[in-house]
Number of protein chains: 2
Amino acid sequence: MGESLSPRARQIVAAARDLLESEGADALTMRRLGERLGIRAPSLYKHLPNKAALEVALIADGFEEAAETFDAATSAAKEPLAALVNAYRAFVKRNPQLYRLMTERPLPRERLPAEVEHRAAAALVRAVGSPERARAAFAFIHGMVVLELNGRFPDDDGLEPAWRAGLAAFANPASIDALRGRSRDGAA
Amino acid sequence: MGESLSPRARQIVAAARDLLESEGADALTMRRLGERLGIRAPSLYKHLPNKAALEVALIADGFEEAAETFDAATSAAKEPLAALVNAYRAFVKRNPQLYRLMTERPLPRERLPAEVEHRAAAALVRAVGSPERARAAFAFIHGMVVLELNGRFPDDDGLEPAWRAGLAAFANPASIDALRGRSRDGAA
DNA sequence: GTCTATAGTGGGATAGAC
DNA sequence: GTCTATCCCACTATAGAC
C-alpha cells in the first residue's frame with residue numbers, strides 16, 4: 001500500500017490530505033495540490049499515475065489509521081463497544097472529509113491493500129459479538145456520524161441521548177449488565 | 001415549493017430527475033438535461049435561474065414524496081416502525097440517486113419549503129415514541145440504506161439479519177431506555 | 001524532478017436574435 | 001421559448017525541454 005509509494009509520492013499524499021481536510025473534496029485538484037507543494041500540476045504525474053491513484057492512497061491510509069486506532073482503543077477496554085464508538089467519533093472528527101471520501105462511494109476494493117477494510121471492521125465485530133449485530137451497529141454508528149457531519153441534527157443537544165440510546169440498543173447483554181454495574185455472569 | 005414553478009419548469013425538474021436516476025449525479029448537467037428535453041442548455045435558464053435552483057427543487061420534491069409515503073405506510077399500521085422501515089427502503093430503492101442528493105450534503109434549509117424536513121421525520125417520531133429514540137433509529141436506518149447503496153455489505157445475505165437485529169434493538173424499549181439519562185464515558 | 005506549453009474535455013452561465 | 005454564439009472557467013493529462 002502506502003509503502004509502495006516513493007517518498008516524494010508520500011509527501012504528495014500528505015499534502016493532498018491537508019488540502020482535502022482544509023478545503024473539502026472539491027478543492028482537491030491536481031492544480032491546487034501542486035500549489036500547496038510549490039510545484040506545477042504536471043509535475044505530480046511523475047510521482048503518481050493519475051488522480052484516482054491519489055484518492056486510493058488517501059482511502060487506504062484512512063483505513064489503516066482507523067484500524068490502528070480502533071484496535072488500540074478496544075484491545076484493553078472494559079467496554080469495547082463504548083470505547084470503539086469513542087475512537088470512531090474521534091477519527092471522524094479529526095478527518096471528516098477523508099471519512100466522506102472513504103464512505104460515500106463504492107470502495108475500489110481491488111485497488112486497496114487486502115484486508116484493510118476487514119481490519120478496520122474487526123474491532124466492531126469483536127465488540128458486539130456477531131457479524132449481523134456488527135453490521136447493524138456499524139449502520140447506526142455510520143448513520144450517526146454522517147448525519148451529524150451533514151448537519152442533519154440541527155439541535156446538537158439531542159445528539160448525546162441518541163448515542164446513548166443506540167449504544168444501549170446494540171450492546172450485547174453482557175455489556176449492558178456491565179454498564180449497569182452488574183455482574184456479567186448471569187448474562188445470556 | 002414545486003407549486004411556485006411554472007409548468008415548463010416542472011417538466012424540466014421531472015426530466016432532471018429521470019436523468020439523475022438513470023445516469024447519476026455527475027450526468028446531471030444543464031447540457032445533458034437540455035438534450036433530454038430536446039432543447040439547448042441556455043434555454044433552461046428561461047425557466048430556472050440556475051442549477052442550484054434545480055437541485056433544490058429535486059430535493060424538495062424528494063422530501064414531499066417521502067413524507068407522503070411514510071405517512072401512508074404508517075398511519076394504519078400495526079407495526080409502525082416495521083412499516084416505516086419498509087416504506088423507507090422502498091423509497092430509497094426507487095430513488096437511490098435522489099436519496100443521495102437529499103442526504104449527502106448539508107441541507108439548504110432556507111431554500112426549502114418550511115417544515116418539509118420535519119414532515120418526513122414525523123412518522124418516525126410517532127413510530128418510536130420519542131425524539132431521541134427517533135434520532136437513533138433514523139441513524140440506523142439511514143446507515144443501513146447508504147451502506148447498502150455504497151456496496152459496503154459485500155455479502156447481501158447478511159443484510160436482512162442486520163435489519164432484523166436493528167429493528168429488534170430499537171423496538172425494545174427496555175434495552176433502549178436502560179441507560180437513558182445516565183452519563184457514560186462511552187457516550188458523552 | 002521540475003518546467004512550459006498545450007491538448008482535450010466539459011462545465012455554468014449570458015447576450016441578443018428570432 | 002428557443003436559438004446561436006460565446007465567454008470564462010476549471011479540470012485531467014501528455015509531450016518534450018531543461
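Chain letters run A, B, ... following the sequence lines, proteins first, then strands; residues in each count from 1.
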Of the listed nucleotides (C:dG12, D:dT2, D:dC11), which one gets closest to any side-chain atom of B:Lys51?
C:dG12

Where the side chain of B:Met30 is concerned, which of D:dG1, D:dC3, C:dG12 is the nearest nucleotide?
C:dG12

For A:Tyr45 and A:Met30, which heavy atoms make the closest approach, and how far apart are they?
OH-CG, 3.4 Å

Whole angstrom value for the distance that separates P of C:dA13 from CG of B:Leu48:
11 Å

Using side-chain heavy atoms (C-beta onward) and a distance below 4.5 Å, is A:Met144 in contact with A:Phe153?
yes

Calculate the interatomic distance between B:Glu23 atom CD and C:dG11 atom P; express it in whole Å.
11 Å

Residue A:Asn50, side-chain atoms from C-beta onward, closest of D:dA13, C:dG11, C:dA13:
D:dA13

Take A:Pro49 and A:Asp26, find for each the nucleotide of DNA chain D with the closest heavy atom, and name the residue whose nucleotide sits nearer the 5' end.
A:Asp26

Looking across every strand, which nucleic acid part, if any, lies under 4.0 Å from B:Lys46 by heavy atom: base, sugar-phosphate, or nothing?
base

Spacing of B:Leu33 atom CG relative to D:dT2 atom C1', expressed in whole Å
15 Å

Looking only at side-chain atoms of B:Ile39, point me to the closest of C:dG1, D:dT2, D:dA13.
D:dT2

Where B:Phe140 and A:Ala139 come nearest, the two heavy atoms and their spacing
O-CB, 3.8 Å

Please assess B:Gln11 against B:His47 for the test side chain to side chain contact (heavy atoms under 4.5 Å, CB included), listing each intermediate value before the final yes or no.
CA-CA 10 Å; B:Gln11 291 175 357; B:His47 308 283; over 6 Å; no

How close or far is atom C1' of C:dA13 from atom CZ of B:Arg40, stated in whole angstroms?
17 Å

Here the distance between atom P of C:dT2 and atom OH of A:Tyr45, to the nearest Å, is 15 Å

Give B:Gly34 one of three labels, base, sugar-phosphate or nothing, depending on what nucleic acid heavy atoms sit under 4.0 Å from its own.
nothing

Can you tell me how far C1' of C:dG12 sits from CD of B:Glu55, to the nearest Å?
12 Å

B:Glu21 side chain vs B:Leu98 backbone, donor-acceptor pair below 3.5 Å:
yes

With the side chain defined as heavy atoms from C-beta on, B:Ser43 is closest, among D:dC3, C:dC3, C:dT2, to D:dC3

Give the nucleotide from the list C:dT2, C:dT4, D:dT2 with an atom nearest to the side chain of A:Pro42.
C:dT4

Whole-Å distance separating the NE2 atom of A:His47 from the C1' atom of C:dC3:
12 Å

By nearest-nucleotide position on DNA chain D, the 5'-leaning member of A:Ala27 and B:Ala41 is B:Ala41

For B:Leu44 and D:dT2, what is the distance between atoms CG and P respectively, to the nearest whole Å?
9 Å

Can you check whether A:Arg8 has a side-chain N or O nearer than 4.0 Å to OP1 or OP2 of C:dT2?
yes

Considering only heavy side-chain atoms of B:Arg31, the closest of C:dA17, D:dT4, C:dG11 is C:dG11

